[in-house]
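Model, not experiment: these values are computed from the prediction. Residue numbers start from 1 in every chain, and the chains themselves are labelled A, B, ... in the order their sequence lines are given, proteins ahead of strands.
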Amino acid sequence: MTCAQSLVGCELVWGKTAGRIVETEAYAEHGDQASHTFLRRGTREFIEINPPGTLYVYLNYGVHWLLNFLVKGGSANGFVLIRALEPTDGCQLMTQRRGRSGDRNLCSGPGKLTQALAIDSAFHGRDFFQISDARLLHRRRAVTVEIDRRVGITKSVELDWRFLLANSAFLSVPKKKNPPQSQLRRV
DNA sequence: ACACGGATACTA
DNA sequence: AGTATCCGTGTC
């Protein structure tokens, strides 16, 4: 999914906090058994009803809110899961919300970053571009994106739809594939 | 290695 | 109503 790849390196500004996106995953509406659309009618309807850029926020494992962007058109409809940020602003507030210190532990995971940014179900279904204090700043320089297998799923594991900022120290889990096998893309 | 914990979408 | 499932984290 090209959107997931394009978001790597961009800065997500969320109120008084902000972070550079260092890890994303793509989930496709069709042909992807790991996507909610595969089993949930409600998620398929969500795609029909809402415009691209709508936030899809849901609770995972009864503990963590996970942040997804709805993407439409292009090669396929689907969602981009934001999995990790490199904190760039508001570290003190994020540390306070997380209840832990250390910049590397603030947003290095999809559940951690929603806690750090104070994202929960209240933002589910909201159009990202209509949220006044939320912004997406495009990267100013080219970055190297590494392609890897998605994390934490049991179905459609063969799809390499995880996108990492190369050599980032703020990833949720290290890349699984070794450099010779992994693909690198200058984007 | 394991517990924690709730929305969703099924079944009946 | 009851149950199975689930894109994780922190601590054991």
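For B:dA9, the OP1/OP2 oxygens have no side-chain nitrogen or oxygen of A:Arg44 closer than 4.0 Å. A close approach under 4.0 Å does occur between a side-chain nitrogen or oxygen of A:Lys155 and OP1 or OP2 of C:dC6. Contact between the side-chain N/O atoms of A:His36 and the OP1/OP2 oxygens of C:dC7 is found at a separation under 4.0 Å. Under 4.0 angstrom from either OP1 or OP2 of C:dT9 there lies no side-chain N or O belonging to A:Arg98. Taking 4.0 angstrom as the limit, A:Arg83 places none of its side-chain polar atoms (N or O) nearer than this to OP1 or OP2 of C:dC7.
Nucleotide B:dT11 forms a Watson-Crick or G-U wobble pair with C:dA1, both donor-acceptor distances falling under 3.5 Å. Pairing partner, C:dC7: none, since no Watson-Crick or wobble contact has both distances short of 3.5 Å.
Distance, A:Phe46 CZ to B:dT8 P: 12 Å, rounded to whole Å. Counting to the nearest Å, the P atom of C:dG8 and the CG atom of A:Leu67 are 14 Å from each other. Between A:Arg41 atom CZ and B:dT11 atom P the separation is 13 Å, expressed in whole Å. Remark: P of C:dC7 and CD of A:Gln33 are 12 Å apart, rounded to the nearest angstrom. We find that CG of A:Leu81 is positioned 5 Å from C1' of C:dC7, with the value rounded to whole Å. C:dG8 atom P lies 5 Å from atom OH of A:Tyr61, rounded to whole Å. At whole-Å resolution of the value, OH in A:Tyr58 and P in C:dC7 are 5 Å apart. Rounded to whole angstrom, the span from the CG atom of A:Leu39 across to the P atom of B:dT11 amounts to 11 Å.
Remark: A:Glu25 does not engage A:Arg150 in a salt bridge, criterion side-chain N to carboxylate O under 4.0 Å. A:Arg44 has no carboxylate O lying under 4.0 Å from a charged side-chain N of A:Glu29, or vice versa, which leaves the two without a salt bridge.
In summary, the aromatic rings of A:Tyr56 and A:His36 are positioned with their centroids under 6.0 Å apart.
Residue A:Leu66 holds its CG atom at 8.5 Å from NE2 of A:His64, rounded to the nearest 0.5 Å.
Counting only N and O atoms by type, the side chains of A:Ser168 and A:Glu86 include no donor and acceptor under 3.5 Å apart.
Closest approach to the A:Asn60 side chain among C:dG10, C:dC6, B:dG6 is made by C:dC6 (side chain taken as heavy atoms from C-beta onward). The A:Leu66 side chain lies nearest to C:dC7 when the options are C:dC7, B:dA7, C:dG10. Out of B:dA7, C:dG8, B:dA9, the shortest distance to the side chain of A:Arg40 is found at B:dA9.
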Check residues 109-117 of chain A and write down every donor-acceptor pair under 3.5 Å in which the side-chain atom is one partner and the other belongs to a residue at least two apart or another chain.
residue: A:Lys112; atom: NZ; partner: A:Ser108; partner atom: OG; Å: 3.2
residue: A:Thr114; atom: OG1; partner: A:Trp65; partner atom: O; Å: 2.6
residue: A:Thr114; atom: OG1; partner: A:Gly111; partner atom: O; Å: 2.9
residue: A:Gln115; atom: OE1; partner: A:Arg98; partner atom: NH1; Å: 2.7
residue: A:Gln115; atom: NE2; partner: A:Arg97; partner atom: O; Å: 3.4

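Between A:Thr154 and A:Gln115, the one whose closest nucleotide on DNA chain C sits nearer the 5' end is A:Thr154. Of the residues near DNA chain B, A:Val63 and A:His124, the one whose nearest nucleotide (by heavy atom distance) lies more toward the 5' end is A:Val63.
For C:dC7, the base is stacked against the aromatic ring of A:Tyr27, per a cut-off of 5.5 Å between centres and 30° between planes.
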